[in-house]
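So the structure is just underneath, and the comments pick up after that.
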Amino acid sequence: MSWEAVIGLEIHVQLATQSKIFSGAGTAYGAAPNAQACNIDLGMPGVLPVLNERAVELAIRFGLAIDAQINLYSIFDRKNYFYADLPKGYQISQFETPIVGAGQVIVTPKNGRPRRVGITRAHLEEDAGKSVHDLYPGQTAVDLNRTGTPLLEVVSEPDMRTAQEASAYFRQIHTLARYIGICDGNLAEGNMRCDANVSVRPTKQEAFGERTEIKNINSFRFVEQAIEHEIARQIDLLEAGGRVHRETRLYDPDKDETRSMRSKELSNDYRYFPDPDLMPLTISEALVDRIRSELPELPSARCARYSDQLGLSASDATAISSDIDRADFFDAAVSAGANAKQCANWIMGELSAYLNKKAMPLSASPVTP
């Protein structure tokens, strides 16, 4: 039997604010465990959350960049579940009325055709803490520094059909988030990570198969590997007469396998209800217009400019424009008088090879634009 995969991603983008979404506690990476969790983050009695205005502006910025509907009225909800790293017993999120509605991006996987990926919504929420399972034998340590860190959760439509398309989509959102300055995109520090929803169905069947969720993937390569493994696992299971169960799984890159974590909760299990401590969020058209006027040149427009005005090949234009630091370096060099084609070749060739060999970022290049 021939099978087709159906894939959707939920990407968590840590917004580039200096304080948390509902408190004044800091968000800097690398602080001592539990040093940046204040009484509001911990849900202590008598404290009240206050919304971070900057987080709202960054969410609007993202929505405009994907040509999405900006909802001038949105609501914060309580999402109820119980983990050791969620001290309040609920997470403040948005459910039925998010700040950003439907949008889209166009992705082009390597050796593939462009595909439109719909974005269902992007909503504001607070992060949970972090459970550390390998620090003490037989025990779990909890670090609550991330608790309350502002996140924008970007939920795609189930529009992707291959692991390569999913990886390309993750890269596209990563590139866009860095371009518009809402996130530094540091995957190693967990500032962007995603959950992958994967199912398979017989080719030409319209109904979706049962899906599983792979949690907390923070690498473009691991997204691709995890999804490929899960697709193969589900096909093998179904062809052997088994049944796919809705569950949450974890990807182990060392063993290249997904493992069951728990049964997958449904929205009813979370018992969403409007947070009584937060007023509905009302945004003015004037604020949206101001943020729209401040948007920088987006990756797609920059790529088109490199091809149409500077004569770069499609592959070079895509490669240069796909990274904001590389594109800025290229633009500065061309403005200083460099030949565009020679400059692109040099950046992608000799300079990249040198920096990779030295494990240096472009910002540390010994040669200026």
Side-chain angles (χ1 to χ4, degrees), residues 5-15 62 77 79 81 83 85-86 91-95 98 100 105 107 117-131 133 146 149-174 176-177 183 185-200 208-231 233-234 244-253 256-267 269-270 272:
V6 178
I7 304 161
L9 295 188
E10 300 168 7
I11 299 176
H12 297 82
V13 180
Q14 179 175 323
L15 297 175
F62 177 81
D77 300 282
K79 179 181 180 180
Y81 63 98
Y83 292 149
D85 55 17
L86 192 71
Q91 176 190 31
I92 301 177
S93 182
Q94 294 185 309
F95 183 48
V100 176
V105 295
V107 302
V117 177
I119 293 176
T120 310
R121 54 191 278 142
H123 59 264
L124 286 165
E125 66 182 18
E126 60 180 349
D127 204 352
K130 182 179 180 181
S131 295
H133 303 291
R146 292 190 68 94
T149 298
L151 299 178
L152 185 68
E153 181 172 342
V154 183
V155 182
S156 83
E157 293 285 330
D159 287 343
M160 291 159 279
R161 297 294 176 263
T162 68
Q164 293 73 29
E165 289 177 357
S167 179
Y169 169 73
F170 191 15
R171 288 178 186 272
Q172 185 86 341
I173 298 299
H174 181 269
L176 186 61
C183 178
N186 192 316
L187 300 174
E189 294 179 1
N191 294 350
M192 280 191 72
R193 56 193 190 271
C194 78
D195 305 334
N197 293 295
V198 182
S199 65
V200 297
F208 292 159
E210 186 60 89
R211 64 182 170 88
T212 61
E213 179 186 48
I214 311 170
K215 290 288 288 185
N216 289 332
I217 314 171
N218 66 343
S219 157
F220 305 129
R221 180 165 58 91
F222 290 166
V223 165
E224 194 167 325
Q225 291 176 354
I227 291 173
E228 285 182 340
H229 174 85
E230 183 59 17
I231 292 171
R233 186 191 72 86
Q234 291 188 21
V244 175
H245 296 280
R246 179 169 293 197
E247 61 181 350
T248 298
R249 300 180 70 85
L250 179 70
Y251 177 64
D252 184 340
D256 189 26
E257 66 178 19
T258 62
R259 294 196 299 270
S260 180
M261 293 174 62
R262 58 182 181 271
S263 61
K264 174 61 181 171
E265 299 91 344
L266 302 177
S267 61
D269 298 324
Y270 291 121
Y272 284 98

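Computation of the quantities below employed the complete heavy-atom set of this structure, encompassing side-chain atoms and omitting hydrogens, waters and symmetry-equivalent molecules.
Here the straight-line distance linking atom CG of Asn186 with atom NE2 of His174 works out to 7.5 Å at 0.5 Å rounding. A distance of 11.5 Å separates OG1 of Thr212 from NE2 of His245, quoted to the nearest 0.5 Å. Atom CG of Asn216 is separated from atom CG of Asp195 by 5.5 Å, given to the nearest 0.5 angstrom. In this structure, the separation between CG on Asp252 and CZ on Phe222 is 9.5 Å, given to the nearest 0.5 Å.
For Val13 against Ala177, the heavy-atom pair with the smallest separation is CG1-CB, 4.4 Å. Taking all atoms of both residues into account, the shortest heavy-atom contact from Met192 to Cys183 is CG-SG, 3.7 Å. For the residue pair Ile7 and Ala163, the shortest heavy atom distance occurs at CD1-N, 4.0 Å. When all heavy atoms are compared, the tightest approach of Leu86 to Ala128 is CD1-CB, 4.0 Å. Scanning both residues, Gly209 and Ser199, for their nearest heavy atoms gives O-CB, 3.5 Å. For Tyr169 against Ile11, the heavy-atom pair with the smallest separation is CE2-CD1, 3.6 Å.
Between the side chain of Asn218 and the backbone N or O of Leu187, at least one donor-acceptor pair lies under 3.5 Å. In this structure, Asp77 contributes its side chain and Phe95 its backbone to a donor-acceptor pair below 3.5 Å. The backbone N or O of Val198 lies less than 3.5 Å from a partner atom in the side chain of Gln234, making a donor-acceptor pair. Side chain of Gln94 to backbone of Leu124: a donor-acceptor contact under 3.5 angstrom is found. Without hydrogens or angle criteria, Ser156 side chain to Leu9 main chain gives a donor-acceptor distance under 3.5 Å. A side-chain donor-acceptor contact under 3.5 Å links Ser167 to the backbone of Phe220. Between the side chain of Asp159 and the main chain of Gly118, a donor-acceptor pair closer than 3.5 Å is present. Without hydrogens or angle criteria, Arg249 side chain to Glu257 main chain gives no donor-acceptor distance under 3.5 Å. Checked by atom type and distance alone, the side chain of Glu126 pairs as donor or acceptor with a backbone atom of Ile92 at under 3.5 Å.
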Can you check side-chain contact (heavy atoms from CB on, under 4.5 Å) on Ile227 and Ile217, steps first, answer last?
CA-CA 10 Å; Ile227 291 173; Ile217 314 171; 5.6 Å; no
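Annotation: side chain of Thr248 is in contact with side chain of Glu213 (closest heavy-atom distance under 4.5 Å). Using a 4.5 Å cut-off on side-chain heavy atoms (C-beta onward), Val6 and Arg161 make contact. At a threshold of 4.5 Å between non-hydrogen side-chain atoms, the residues Pro158 and Phe208 count as touching. Side-chain contact check for Glu224 versus Gln164: some heavy-atom pair is nearer than 4.5 Å. In this structure, Tyr81 and Asp269 have side chains that are not in contact, with every pair of non-hydrogen atoms separated by 4.5 Å or more.
Glu153 meets the side-chain hydrogen bond (donor to acceptor under 3.5 Å, both in side chains) test with His12, His123; sequence neighbours excluded. By the salt bridge (Lys or Arg N to Asp or Glu O under 4.0 Å) test, Arg146 is found to be paired with Asp127, residues two or more places apart in sequence or in another chain being considered.
The residue from Glu247, Glu230, Lys215 that alone fulfils the side-chain hydrogen bond (donor to acceptor under 3.5 Å, both in side chains) condition with Thr258 is Glu230. Remark: of the listed residues Gln225, His229, Arg259, Gln225 is the sole one forming a side-chain hydrogen bond (donor to acceptor under 3.5 Å, both in side chains) with Tyr251.
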